[in-house]
Amino acid sequence: ASDSSLNEEDGLQVFLWWLLGIAALTFALLMSARMGIFQETLYKRFGKHSKEALFYNHALPLPGFLLLAPNIYHHAVLFNQSEPFRVPLIGLTLPIMWFYLFMNVITQYVCIRGVFILTTECPSLTVTLVVTLRKFVSLIFSILYFRNPFTAWHWLGTALVFLGTLMYAEVWNSLGSLLARCRRRPKEE
């Protein structure tokens, strides 16, 4: 919107896309929380089986990818055309995009496996908070890695994330009771 070549209508369109993105993220967060509550209910009823939940959550949607088969094939061809990369320690040479994809899959598996284990040990609200904090850390890492500016909106988001975390952890109540105990303690001479 700071580009002077944009007219008012373009600025409105950019703002509407921004609002759509915020709405999509909010919807995804709410659905994630709802799924956590549903998982918690299932765990109470059928037992805590994180590996089974992980399998079904990822196996059931696989047929949906058939709808994207032409696009997946197109990108596989593009991946094959990327520059070759020699994998350290293994000595295998493959296109770098396949290496990136493989590393992404491994890190995503480790992350999601941890989340599913966490769902068996913690309430769904705690899991949602932990996942939100992980996304926040990932965003900060991305900003630093790609050297993007840290704007006032980022500071506002940071403040809201930490405020929400502190409120959920009931830090304010703990601090209040700690201060009250310190005031009641007689002065030592």
Side-chain angles (χ1 to χ4, degrees), residues 1-3 5 14 17-18 20-33 35-36 39 43 48-122 124 126-162 164-165:
S2 63
D3 187 358
S5 66
V14 168
W17 277 112
W18 180 79
L20 181 65
I22 296 295
L25 288 171
T26 303
F27 179 76
L29 186 61
L30 291 173
M31 288 297 103
S32 175
M35 188 175 83
Q39 282 177 324
Y43 287 158
K48 297 179 178 182
H49 306 287
S50 64
K51 288 181 182 177
E52 186 177 357
L54 179 65
F55 172 77
Y56 283 114
N57 269 292
H58 290 81
L60 291 176
L62 284 177
F65 285 99
L66 291 174
L67 299 171
L68 302 171
N71 191 288
I72 293 171
Y73 175 76
H74 173 71
H75 281 85
V77 169
L78 290 175
F79 277 30
N80 286 334
Q81 295 171 354
S82 65
E83 66 183 75
F85 175 74
R86 186 169 177 87
V87 182
L89 303 173
I90 300 173
L92 177 70
T93 301
L94 72 154
I96 196 164
M97 294 305 292
W98 286 112
F99 175 75
Y100 289 155
L101 179 65
F102 182 69
M103 295 307 293
N104 189 344
V105 167
I106 289 173
T107 57
Q108 289 294 322
Y109 173 75
V110 169
C111 182
I112 199 67
R113 178 83 179 104
V115 168
F116 274 83
I117 291 171
L118 192 63
T119 60
T120 64
E121 304 298 325
C122 300
S124 60
T126 302
V127 174
T128 301
L129 177 69
V130 169
V131 169
T132 302
L133 286 172
R134 187 214 42 93
K135 290 176 184 175
F136 171 74
V137 169
S138 179
L139 176 67
I140 296 299
F141 177 77
S142 175
I143 288 170
L144 294 174
Y145 182 78
F146 292 109
R147 295 186 180 119
N148 289 320
F150 201 79
T151 66
W153 290 107
H154 293 109
W155 283 112
L156 177 65
T158 301
L160 291 174
V161 165
F162 282 111
T165 303

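Checking Glu121, Gln39, Arg113 one by one against Ser50, the side chain to side chain donor-acceptor pair (under 3.5 Å) holds for a single residue, Arg113. Between Phe79 and the choices Phe85, Phe102, Trp98, Tyr73, the ring pair (Phe, Tyr, Trp, His ring centres under 6.0 Å) rule is met once, by Trp98. Under the side-chain contact (heavy atoms from CB on, under 4.5 Å) test applied with Leu54, the options Ile112, Val115, Thr119 reduce to a single match, Ile112.
Atom OG of residue Ser32 and atom CG of residue Leu25 lie 12.0 Å apart, to the nearest 0.5 angstrom. Note that CG of Leu133 and NZ of Lys135 are 11.0 Å apart. Values are rounded to the nearest 0.5 Å. A distance of 10.5 Å separates CD in Gln108 from CG in Leu101, rounded to the nearest 0.5 Å. Separating the CG atom in Leu118 from the OG1 atom in Thr120 is a distance of 7.5 Å, to the nearest 0.5 Å.
At least one donor-acceptor pair under 3.5 Å links the side chain of Thr128 to the backbone N or O of Ser124. The closest donor-acceptor contact from the side chain of Thr26 to the backbone of Ile22 lies under 3.5 Å. Judged purely by atom type and a 3.5 angstrom limit, His75 uses its side chain to pair as donor or acceptor with the backbone of Asn71. Proximity of a side-chain donor or acceptor of Ser82 to a complementary backbone N or O of Met97 within less than 3.5 Å is detected. Between the side chain of Arg86 and the backbone N or O of Gly91 there is at least one donor-acceptor pair closer than 3.5 Å.
Contacts of Phe55 classified as ring-ring contact (aromatic ring centres under 6.0 Å, His included), with partners at least two apart in sequence or in another chain: none.
Here the closest non-hydrogen pair linking His58 and Phe116 is CE1-CE1, 4.2 Å. Nearest approach of Tyr56 to Pro61, heavy atoms of both residues: O-CD, 4.1 Å.
You'll find the side chain of Pro149 stays beyond 4.5 Å of the side chain of His154, heavy atoms only. Put simply, the side chain of Phe150 reaches to within 4.5 Å of the side chain of Thr158, judged on heavy atoms. Taking the side chain as every heavy atom from C-beta outward, Tyr109 and Ile106 never approach each other to under 4.5 Å.
The distance between the ring centers of Phe136 and Phe162 falls below 6.0 angstrom.
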